[in-house]
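Below you'll find the structure, written out as structure tokens, and then a few comments.
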Amino acid sequence: MNWFLKSKEKNEGFSLVELIIVIVILAVFAAILIPVMFKWIDEAKLKKYELEARSIAHAAQSEVIKSYGKREGMTIGSSIIEFSGITGNMKNEEGLSEIRKLSGIDTIDLVNIYCDSADDWNVVAIWIIYNSDGNEFNAVWNVNKLPGEASDQFKGMYDGKLKGSEDGWLFACNG
């Protein structure tokens, strides 16, 4: 009988020191993992925005090819095709509507396509303004090929806000 009571006394539970050690270990793990997880989330969002911009760019390039086939949209000496929904700046609302449909992104405000020349429709840069997750994004592919001072203006407007990817996309968030 005495043996039964002794074994029961030994199994009373964890001591306060043991509980504090476990809590400290869990806190250390959380302190290490939480910043890493936030970094992964930010990287995933940037990839999402890049994929959206690429989708818009591919749709815009198909519109450029369609316009080239009809010989519409470019004039002699021009190096830009603009698909814009911005009031007072509408050059090709029908093309913008088609880009929205092809890309599956309805929140596109502006797509500028910069080509080598009016005769050679080789796309050298694309500037896109669209909304995603409640934020307005400016996405530029090949920013250094924008004509005139547009490259420096873009970089200056979004100084400190630019995020980029390895293959020439730059993103700025206005929100």
Side-chain angles (χ1 to χ4, degrees), residues 35-75 77-175:
V36 171
M37 290 175 62
F38 280 121
K39 182 181 176 192
W40 289 340
I41 291 169
D42 290 343
E43 288 174 359
K45 283 183 181 179
L46 183 60
K47 285 292 181 192
K48 173 190 173 202
Y49 303 139
E50 182 180 345
L51 289 173
E52 288 174 345
R54 284 175 191 266
S55 177
I56 296 167
H58 288 301
Q61 286 175 322
S62 73
E63 280 302 296
V64 168
I65 292 167
K66 194 182 333 179
S67 296
Y68 180 75
K70 297 178 188 175
R71 293 289 184 180
E72 295 175 352
M74 285 287 238
T75 58
S78 170
S79 63
I80 182 174
I81 299 177
E82 185 174 317
F83 304 102
S84 173
I86 297 174
T87 307
N89 201 19
M90 293 186 194
K91 290 189 177 179
N92 192 337
E93 185 61 38
E94 181 182 322
L96 182 62
S97 176
E98 189 66 20
I99 291 169
R100 286 177 178 146
K101 186 169 38 168
L102 287 172
S103 68
I105 299 169
D106 294 331
T107 56
I108 304 168
D109 293 325
L110 174 76
V111 179
N112 281 346
I113 306 289
Y114 299 92
C115 300
D116 281 338
S117 69
D119 297 326
D120 180 8
W121 285 29
N122 180 36
V123 176
V124 295
I126 301 171
W127 189 334
I128 300 165
I129 300 174
Y130 69 102
N131 289 287
S132 183
D133 297 335
N135 297 310
E136 181 181 85
F137 283 89
N138 276 278
V140 175
W141 172 73
N142 225 357
V143 70
N144 294 323
K145 298 278 185 154
L146 293 175
E149 298 176 8
S151 174
D152 293 332
Q153 287 174 346
F154 179 80
K155 291 175 185 175
M157 284 189 310
Y158 302 107
D159 188 33
K161 295 182 179 180
L162 291 175
K163 294 178 173 44
S165 67
E166 305 84 42
D167 60 349
W169 282 99
L170 283 178
F171 298 91
C173 177
N174 299 332

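Computed from a prediction, not measured in an experiment: that's the story for all the values here. All residue numbers in this chain count up from 1 along the given sequence.
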task = Could you pull out all residues at least two apart from Phe137 that satisfy ring-ring contact (aromatic ring centres under 6.0 Å, His included)?
result =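 By the ring-ring contact (aromatic ring centres under 6.0 Å, His included) rule, Phe137 matches Tyr49, Tyr130.
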query = Who pairs with Ser132 by side chain to side chain donor-acceptor pair (under 3.5 Å), at least two apart in sequence or on another chain?
reply =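 For Ser132 the side chain to side chain donor-acceptor pair (under 3.5 Å) partners, ignoring immediate neighbours, are Glu52.
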ask   = Who passes side chain to side chain donor-acceptor pair (under 3.5 Å) against Lys48, sequence neighbours left out?
value =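 Side chain to side chain donor-acceptor pair (under 3.5 Å) check on Lys48 returns Asp133.
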key: Separation between NZ of Lys47 and CG of Asp42, rounded to the nearest 0.5 Å   =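 Answer rounded to 0.5 Å: 13.5 Å.
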key: Rounded distance [0.5 Å steps], CG in Asp109 versus CD1 in Ile128   =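 Nearest 0.5 Å value for the CG-CD1 distance: 11.5 Å.
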query = Excluding sequence neighbours, so at least two apart, what forms side chain to side chain contact (heavy atoms under 4.5 Å, CB included) with Thr107?
reply =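 In terms of side chain to side chain contact (heavy atoms under 4.5 Å, CB included), with neighbours along the sequence ignored, Thr107 is linked to Ile105, Asn131.
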task = Could you pull out all residues at least two apart from Gln61 that satisfy side chain to side chain contact (heavy atoms under 4.5 Å, CB included)?
result =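 Gln61: side chain to side chain contact (heavy atoms under 4.5 Å, CB included) contacts with His58, Val123, Ile126.
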query = Does a side-chain N-to-carboxylate-O contact under 4.0 Å join Arg54 and Glu50?
reply =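 Counted as a salt bridge, because a side-chain N and a carboxylate O are separated by less than 4.0 Å.
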Looking at side-chain heavy atoms only, is the closest gap between [X] and [Y] below 4.5 Å?
| X | Y | answer |
| --- | --- | --- |
| Tyr114 | Trp127 | yes |
| Ile56 | Val111 | yes |
| Ile99 | Ile108 | yes |
| Glu63 | Ile113 | no |

task = Check salt bridge (Lys or Arg N to Asp or Glu O under 4.0 Å) between Asp152 and all other residues, then give those that pass, not counting sequence neighbours.
result =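 Residues passing salt bridge (Lys or Arg N to Asp or Glu O under 4.0 Å) with Asp152: none at all.
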